[in-house]
Amino acid sequence: MIYPVRTHDFLFELNKDLHFSAAHFIDDARAGKCRNVHGHNYVANITIVGDTLDEMGFLVNFSALKKVVTEAFDHTLLNDHAKFQDVPPTTETVACAIYELIADYLKSESNSVHCLQVFLRETATSYAVYRPKEI
Ligand SMILES: Nc1nc2c(c(=O)[nH]1)N=C([C@H](O)[C@H](O)COP(=O)(O)OP(=O)(O)OP(=O)(O)O)CN2
Ligand SMILES: [Zn+2]
């Protein structure tokens, strides 16, 4: 799958596709059928950039990106998460929450890497992209 591209001047870019299954509901009458608890098989793509590889030759370990996201959200009810107590778990806000989790994780890496974009597909016909204004 080809994702929307954000141009940058970093030497390296990697992309990790990952999947997780989660339930949610949008607690607003305007959400129609989405007001009922229902589930999605989410597909995410995470874009990481940087100029420096670590001692293993990784920008960041692909498996670490997957772990951060799936440990947080896989087989959960998204509405239960602290991040979604004040905002509903929409495609947009879940993409942003994934960005925040990844950005927190990347702070522990010593080679100064950044998350450039999170693409999140909720259904076959619906997706959102979160891009921080500054990295
Ligand atoms: N901007 C947003 N709009 C909607 C969201 C959302 O997260 N952000 N979410 C929903 C529902 O939760 C639903 O999961 C997805 O809705 P939709 O794409 O309309 O799903 P359908 O399968 O019914 O879409 P088709 O057009 O039939 O493919 C609603 N809106
Ligand atoms: Zn939904």
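Note that ligands are numbered from 1 as they come in the structure, with each ligand's atoms numbered from 1 the same way.
Near His38, with a cut-off below 4.0 Å to any heavy atom, the atoms of ligand 1 are 12 (O), 14 (O). The contact set between ligand 1 and Cys34, taken as ligand atoms under 4.0 Å from a residue heavy atom, comprises 10 (C), 11 (C), 12 (O), 13 (C), 14 (O), 29 (C). Residue contact check: Glu92 has heavy atoms under 4.0 Å from atoms 1 (N), 2 (C), 6 (C), 7 (O), 8 (N) of ligand 1. Within ligand 1, the atoms closer than 4.0 Å to a non-hydrogen atom of Lys33 are 23 (O), numbered from 1 in the order shown. Distances below 4.0 Å separate heavy atoms of Thr91 from the following atoms of ligand 1: 6 (C), 7 (O), 8 (N).
Backbone and side-chain nitrogen or oxygen atoms of Thr90 are examined, and none is located within less than 3.5 angstrom of a nitrogen or oxygen of ligand 1.
Here His24 contributes atom NE2 and Asn36 contributes atom CG; the two are 10.5 Å apart, rounded to the nearest 0.5 Å.
If you check which protein heavy atom lies closest to atom 20 (O) of ligand 1, you get Thr123 CG2, 4.3 Å. Ser126 OG, 4.8 Å is the protein heavy atom nearest to atom 19 (O) of ligand 1. The protein heavy atom nearest to atom 24 (O) of ligand 1 is Thr125 OG1, 3.7 Å. The protein heavy-atom contact nearest to atom 15 (C) of ligand 1 is Glu122 OE2, 3.5 Å.
Taking the side chain as every heavy atom from C-beta outward, Ile48 and Lys16 never approach each other to under 4.5 Å. A 4.5 Å side-chain heavy-atom check between Ile98 and Phe20 finds at least one atom pair inside the cut-off. Residues Val60 and Ile102 form no side-chain contact, since every pair of their non-hydrogen atoms from C-beta on lies 4.5 Å or further apart. Ile26 has its side chain within reach of Thr90: a pair of non-hydrogen atoms, C-beta onward, lies under 4.5 Å apart. Between His40 and Thr91, every side-chain heavy-atom pair lies at or beyond the 4.5 Å cut-off. Between Asp17 and Val43 there is no side-chain heavy-atom pair separated by less than 4.5 Å.
The aromatic rings of Phe73 and Phe84 lie tilted to each other, with the angle between the two planes from 30° to 60°.
Less than 6.0 angstrom separates the ring centroid of Phe10 from the ring centroid of His114.
Within 4.0 Å of atom 30 (N) of ligand 1, not a single protein heavy atom is present. The nearest protein heavy atom to atom 22 (O) of ligand 1 is not closer than 4.0 Å. Protein heavy atoms come within 4.0 Å of atom 10 (C) of ligand 1. Within a 4.0 Å radius of atom 27 (O) of ligand 1, the protein has no heavy atom.
Within 6.0 Å of CG in Asp28 there are more than 12 heavy atoms belonging to other residues, nucleotides or ligands.
Among the backbone and side-chain atoms of His24, an N/O/S atom is found under 2.8 Å from the Zn ion (ligand 2).
Considering just the N/O/S atoms of His38, the one nearest the Zn ion (ligand 2) carries the name NE2.
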